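Below: the structure, in structure tokens.
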Amino acid sequence: MMAPSAAAADSSPPSSSETTENHLQPFFVLHEASSRKPERTSTGTVKTRKKIDFSPSKLKNVEKPDVEIAKEGGDEGYGNLRMDAFEVVWSKIESTIKDVLRDINANVFNEIHQWVRDSFSTIRSFGMLTFREATQAFPIVTDASSKQLFTGLVLTKNMEFVDDLLTFEELGRHLKSQGCHVANLSSLDFMAKSGIGGCLRSLLRQFLVAPLDAADISILASWYREQGNYNNPVVVIVDDIERCCGSVLSDFILMFSEWVLKIPVILIMGVTTTLDAPRNILLSNVLQCLCPCMFTLGTPSERMDAIIEAVLVRQCSGFSISHKVAVFMRNYFVRQDGTITSFIRALKIACSQHFSMEPLSIILKGFFLEEDRQGLQDGLLLQAMFKHAFDLPSYGRNKMGEENVESFAHCLSELKRSQTRWRTVVLCLYEAGKGHRIQLLDLLCEALNPALYSSRTSGTCTKVDKGHGVSPSNNFPVQQHPIMRKGRLICQAVQKVRDLPIAQLYKLLKRWEELTVDINEIHAKLKELLYVIKLENGRSSRQDMADSSKRPVSRSQLNIEKESRAVNEKAASLIECMVRDHMQPVECSPLHEIVCFKNVETLQLALIGDPRRRIQIDLLESYKILRCSCCSRSGHSLLPSLHDTSILYNLAQEHGDHINLHDWYQSFKSKVCSSRSKGKHKSKQSPLPKKRKDMNEPDKPCEASIQARFCKAVTELQITGLIRMPTKRRPDFVQRVAFGL
Amino acid sequence: MELNDGEEEEFGFSRNYFLAKDLAASGKKSTHKLSDINLVDEQELRAAASNIEPKHEKEIVSLIDSYKSLYSRWVFMLRCGFGLLMYGFGSKKALLEDFASTALTEYSVVVINGYLQSINIKQVVITLAEVLWNQCKSKRKTPSRNLPRAQQPFNSRSMDDLFAFLDGSELKENDYFVCVVIHNIDGPGLRDSETQQHLGRIASCSHIRMIASIDHVNAPLLWDKKMVHTQFNWHWYHVPTFAPYKVEGMFFPLILAHGSSAQTAKTAAIVLQSLTPNAQSVFKILAEYQLSHPDEEGMPIDTLYATSRERFLVSSQVTLNSHLTEFKDHELVKTRRHSDGQDCFYIPLASEALEKLLSEINQ
């Protein structure tokens, strides 16, 4: 098989013998890292950097020329500045997410740890081993009950186990920190191919650290005896038992149940479906060895809400996303993937794209995290940045007046202020909607929508916070706000406030009070409202809270209802007012480009590659990508100047699921020849390919080259996987694979 | 609204499929044979194939050049910890290597040619470990202190150890990695799931960044969610180049190379040349017999043995059988049952091809 290919390689025009050699190497080292000796690197990197950085500005003049100045003038790494900023921001986000997830899991983890300890003492209670027993290289079994293997089944409530990988890792870390010996095994360690040896080896690797060739459980036993490990349990975590090979897992369990007195193993296994799972993959005699206990993790939506709250609403890092991006990410989560892992990944892509595309993003690092602002000390860099900032569309749109440092700084602090307000209102709404199936992600999408906000304020948008001194009752009726229209989540949340019983309303208002502590006006109003409740409904509300079951009948029930209704109404109008005046989506603020990622198209392209569709479009509309002058002229008819493979694939569209090679070739030939003959002998041209074949008989070299081109095009289609080669049964047909885009 | 779009799309899919099926069923199936085409000689075809006049050369060059402006972003994404996955029609081999050799000079780069038939992934991992090791050694200012104790050479370590090294916590610095460029991560040599698992583990190592290209429309089916989200961590880039798949297509047979006779004749010649002169001569006897008796099913083994013995080529039936086994293994010779029930041998080549082959080995 190698021989013809080698021949083909020889015949292809050799660029240089070395590279041809490389083409046929399975792998090779292209180059080693250039050593960072001062003189060599500086020339080397500068050269490449120039090459890279300046080509874009030449190609597309629209691409912010100031950035180039910044690059040239600033210290050698303007890119590095952004990289640093990204790292700071993302590590903040990442650690926040980790903390959130850890908090969510904390209860379950503690529960599991307690159970592990209890199980361990049960095992211990079977009796201590004598020295002789302990040093023997075989298991001891006293009675049947001592063969039980304590097994924790962790229900993940998640069809996709990706999200749980991290959870189990964390669980391992948690138990380790509590002194247990922990090994994490994945389903890959339980493959039929490597058998029981595979998982043993993996266990030994994790416990003994030093690599060992022999996979023998007695080694593990002696490790446990020797290392002074005697007072702690050995925990083995298997992340997803449903993906394990049943027979290997069975062997594993049987083996450890024999050894359990010597190695007090406690199993923890992840179950994604139902509790039946172990019964489905394990034999009954194996099941008898297990002493199960069940734990349940939080649902994905709980985790999702917590992450959204910490990262996107509370904005731990200052980074935020636009409405469109939020909607895209929600749809991606809900329809496409449904895993939190992928959502976080999408967020990371958004974040890194923001830093790679927005020159001013470096401000995020210093400004919002309130850390050192060293990067901005460079005068030239600073100037270039201001220049860029004043060119931002949001700045121009809002006509901020003078273009100087002060106005820039003012804008930024305004931005920060309005963000704080927005966050507070969203959290208040979320609190109101909690327990009413209002998901924070949906709420976020609505709260970020600039259309809903600006359609009301169209002109006032710029004067961000000037108008909130006006009391809400003076404004036009609340119901007319687009944002308050029925069916919207915000409206629903407000309605919930209206319907709340007084006790819960009090709690909610208390919660709001905590949330709004940074915003004086609202805070003051809330205080007022709480005071009113206390004053007017003082007794009744207190009684309500004390025991709602024993309501005093003596007081007029109706009166209380009326009064509480009035309080509800006040609270509702307060939140409405907050929504209207303070919930300004980030996209309505000047300079929001600095903190807000808006480019939903690039995010989508980066996240969801769609090769099946894209490659076909490449082929069907190649002229659009190549932007040549020759092929784009005609609308739908195929021109012979098109890329060969493109012609062939276009022709393939006319066939059924099987393409007759002969016909395909003939139509290809006629397409390709149509111009050739047009130029040379137009009169001779015949529309029927068959006839022309006879006529063109002397024109042999042409025939050969057409056939070669046909072959090449077919090969290229084969590489893309769009057609399948002829089979023995149907030697004259290729099979189409893709139908429609 | 958007949901409807999705449904519409799905509906379009199935509709297109059934339309295509319909088209095949209703329209009388074309009965033309491939052999109806006046196929040119294979050698001529190959010569022509290597001299195809490229179309849109200028546009392709400028298209590929336009990607150069993205290099800095690609590097940024790599440094952020993503793997780059390039797709789109056209060979991306030159593009990726150009990217690697201009924009990634600070990092070591290892290239894997996934379009080749067989790739030893363990060797790759060993090389990666060695490269990373060199990189640390050359970059470390105080070489002796922090280096882990003298270790056994990489090529005698297990995969797990190698992965542990590549993922190593031993090397503290963050921005410190080896780039792996994989042409055709969906190629024949890498397509099986075990290799993909290994690649996933390579990609997830903290000191490795991956830049890969795919060409097959169904390539994403190679990966499950764990691999996609936690290991490869792909950042997709649509970079059609329309450059010819020269190297990648090298191993695909030309569809119009008729019966592939010339091809096998060539292979046969190469195989024969590696055999002993005696074996070659036995083959020649068989070939000559077949040429002189074109209508027979083949040469009976008795006749072959007798003739070979006469010419002192074999001393026993055993030697002859060993030659024949060799031939059969390389598909130079096949057996079939003669009409009188005897097994006989023949060479599965057309007469012309056989003649050419004979003249070639006689040289």
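Model, not experiment: these values are computed from the prediction. Below, chains carry the letters A, B, ... as their sequence lines are ordered, and counting in each starts from 1.
- Interface remark: A/L165 contributes side-chain atoms only to the contact with chain B (heavy atom separation under 4.5 Å).
- For the atom pair CD (A/Q718) and SG (A/C711), the distance works out to 11.0 Å, reported to the nearest 0.5 Å.
- Between chain A and the options B/V124, B/L63, B/T230, the largest number of non-hydrogen pairs under 4.5 Å is found for B/V124.
- Contacts with chain A were tallied for B/D215, B/V109, B/L128; B/V109 has the most, counting heavy-atom pairs under 4.5 Å.
- Note that the CD1 atom of A/I615 and the CG atom of A/L620 stand 12.0 Å from one another [nearest 0.5 Å].
- Heavy-atom pairs under 4.5 Å with chain B were tallied for A/V162, A/V714, A/N660; the largest tally goes to A/N660.
- Within the 4.5 angstrom heavy-atom criterion, only side-chain atoms of A/M725, from C-beta onward, approach chain B.
- Heavy atoms of A/T339 lying under 4.5 Å from chain B belong exclusively to its side chain.
- Between A/P611 and B/I214, some side-chain heavy-atom pair lies under the 4.5 Å cut-off.
- If you look at B/F252 and B/Y115, their ring centroids are not closer than 6.0 Å.
- Proximity to chain B is limited to the side chain of A/L188, based on heavy atoms less than 4.5 angstrom apart.
- The pair A/E87-B/R79 fails the salt-bridge criterion, with no side-chain N (NZ, NE, NH1 or NH2) lying under 4.0 Å from an Asp/Glu carboxylate O.
- Heavy-atom distances place the side chain of B/H56, and not its backbone, under 4.5 Å from chain A.
- By the 4.5 Å heavy-atom criterion applied to side chains, B/F242 and B/K55 are not counted as neighbours.
- If you measure heavy-atom distances from A/S646 to chain B, you find no contacts under 4.5 Å at all.
- Chain A forms the most heavy-atom pairs under 4.5 Å with one residue out of B/K93, B/H183, B/E97, and that residue is B/K93.
- Residues A/H662 and A/D732 are not in side-chain contact: their nearest non-hydrogen atoms beyond the backbone lie 4.5 Å or more apart.
- Residue B/S62 does not touch chain A at all, counting heavy-atom pairs closer than 4.5 Å.
- With a 4.5 angstrom heavy-atom cutoff, B/L116 touches chain A only via side-chain atoms.
- Heavy atoms of A/D644 lying under 4.5 Å from chain B belong to its backbone as well as its side chain.
- Once rounded to the nearest 0.5 Å, the distance linking CD of A/E716 with CG of A/L722 reads 11.5 Å.
- Using a 4.5 Å heavy-atom cutoff, the side chains of B/W236 and B/P220 are in contact.
- The residue among B/I60, B/T127, B/L84, B/D224 with the most heavy atom pairs within less than 4.5 Å of chain A is B/T127.
- Residue A/T602 holds its OG1 atom at 10.5 Å from CG of A/L607, rounded to the nearest 0.5 Å.
- When each of B/Q123, B/E248, B/K58 is checked for heavy-atom pairs under 4.5 Å with chain A, B/Q123 comes out on top.
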Determine whether B/K226 and A/D163 satisfy the following criterion, salt bridge (charged side-chain N to carboxylate O under 4.0 Å, His left out), listing intermediate values before the conclusion. CA-CA 9 Å; B/K226 177 184 168 190; A/D163 284 348; over 6 Å; no

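- Between A/R82 and A/S356, the shortest heavy-atom distance links the atoms NH1-O, 2.7 Å.
- If you look at B/Y107 and A/H31, their ring centroids are not closer than 6.0 Å.
- Heavy-atom pairs under 4.5 Å with chain B peak, among A/D610, A/T341, A/I349, at A/I349.
- A donor-acceptor pair under 3.5 Å links the side-chain atoms of A/R736 to the main chain of A/H655, judged by distance alone.
- Only the side chain of A/F710 comes within less than 4.5 Å of a heavy atom in chain B; its backbone stays farther off.
- Looking at B/A219, there are no atoms closer than 4.5 Å to chain A (heavy atoms on both sides), in backbone or side chain.
- Residue B/H238 touches chain A through its side chain alone, counting heavy-atom pairs closer than 4.5 Å.
- Note on A/G721, A/C351, A/A708, A/A606: by heavy-atom pairs under 4.5 Å with chain B, the leading option is A/A606.
- Comparing B/Y237, B/W234, B/F82 by how many heavy-atom pairs each has under 4.5 Å with chain A, the most go to B/F82.
- Proximity of a side-chain donor or acceptor of B/N113 to a complementary backbone N or O of A/H23 within less than 3.5 Å is detected.
- Contact annotation for A/F28: both backbone and side-chain heavy atoms come within less than 4.5 Å of a heavy atom of chain B.
- With a threshold of 4.5 angstrom between heavy atoms, A/K348 approaches chain B through its backbone and through its side chain.
- Taking chain B as the reference chain and counting heavy-atom pairs below 4.5 Å, the highest number among A/H643, A/K193, A/Q707 is found for A/Q707.
- Residue contact with chain B, scored on non-hydrogen atoms closer than 4.5 Å, involves the backbone and the side chain of A/V29 alike.
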